[in-house]
Amino acid sequence: VQLQASGGGVVQVGGSLRLSCAVTESIFSINIMGWYRQTPGKQREPVAMLSNLGSTNYAESVEGRFTISRDDAQNTFHLQMNNLKPEDTAVYYCYTFKRGPSWGQGTLVTVSS
């Protein structure tokens, strides 16, 4: 499985961005899909997860502001990020797990104050 993340950029505090992850095969059978983020000197941390049963899991720091969703017809999943804060600045990686983990290349999100 290959993943292509897109949608990062520079946004002001309180603004919104929508990240997308295009998957090279059908996402219908993927067990877990989600987003991680990483800042310099820190470990990559999970942000939002979506299972093939429809259950979601969010990091406490983004709960209520971020929403993960999927588009099976486009083999794409998204991360809608609202009310962005400076601490959301990071490289965001999309992730899937089917028979093993797969990672996208990362897209940079910068929230300026």
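Quick caveat, the model's predicted, so the values are computed rather than measured.
A donor-acceptor contact shorter than 3.5 Å links the side chain of Arg70 to the backbone of Ile27.
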Exercise for the section: For the pair Leu17 and Leu84, evaluate side-chain contact (heavy atoms from CB on, under 4.5 Å) and give the outcome as yes or no after the intermediate values. Expected result: CA-CA 8 Å; Leu17 279 176; Leu84 283 160; 4.2 Å; yes

Problem - side-chain contact (heavy atoms from CB on, under 4.5 Å) evaluation trace for Val13 with Lys85 - result: CA-CA 5 Å; Val13 171; Lys85 303 176 180 181; 5.7 Å; no

Handout entry: side-chain contact (heavy atoms from CB on, under 4.5 Å) between Asn75 and Glu25, intermediate numbers included
Key = CA-CA 7 Å; Asn75 292 325; Glu25 64 179 65; over 6 Å; no

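Taking the six-membered ring where the residue is Trp, the centroids of Tyr36 and Tyr95 are separated by under 6.0 Å.
By the neighbour-count criterion of 12 heavy atoms within 6.0 Å, atom CD of Gln2 is sparsely surrounded, having that number or fewer from other residues, nucleotides or ligands. The number of heavy atoms from other shown groups lying within 6.0 Å of CD (Gln12) does not exceed 12.
Applying the side chain to side chain donor-acceptor pair (under 3.5 Å) rule to pairs touching residues 56-67 yields Arg37-Ser61, Arg65-Asp88, sequence neighbours excluded. Contacts classified as disulfide bond (SG atoms under 2.5 Å apart) and involving residues 61-113 (residues at least two apart or in different chains) are given here: Cys21-Cys94.
A side-chain contact (heavy atoms from CB on, under 4.5 Å) with Met33 is found for exactly one of Thr96, Asn52, Leu3, namely Thr96.
A side-chain donor from one of His78 and Ser20 sits under 3.5 Å from a side-chain acceptor of the other. With no hydrogens or angles considered, no side-chain donor-acceptor pair links Asp71 and Thr76 at under 3.5 Å.
Shown here for Ile68 and Ala48, the closest heavy-atom pair between the two residues is CD1-O, 3.8 Å. Residues Gly34 and Met49 approach most closely at CA-SD, 3.9 Å, considering heavy atoms. In plain terms, the two heavy atoms of Ala5 and Thr107 that are nearest each other are CB-CG2, 4.3 Å.
In this structure, OG on Ser29 lies 3.0 Å from NZ on Lys98, to the nearest 0.5 angstrom. Between the CZ atom of Arg18 and the CE atom of Met81 there is a distance of 11.5 Å, given to the nearest 0.5 Å.
Side chains of Phe97 and Ile30 form no contact here, defined as non-hydrogen atoms less than 4.5 Å apart. Between Phe66 and Leu79 the shortest side-chain heavy-atom distance falls below 4.5 Å. Under the 4.5 Å side-chain criterion, counting only non-hydrogen atoms from C-beta, Phe77 is not in contact with Leu50. The closest side-chain heavy-atom distance from Tyr92 to Leu108 is not below 4.5 Å. The shortest distance between side-chain heavy atoms of Val109 and Thr89 does not fall below 4.5 Å.
Tracing side-chain contacts under 4.5 Å through hydrophobic residues (I, L, V, M, F, W, Y), one reaches Ile32 starting from Trp103; they form part of the same cluster.
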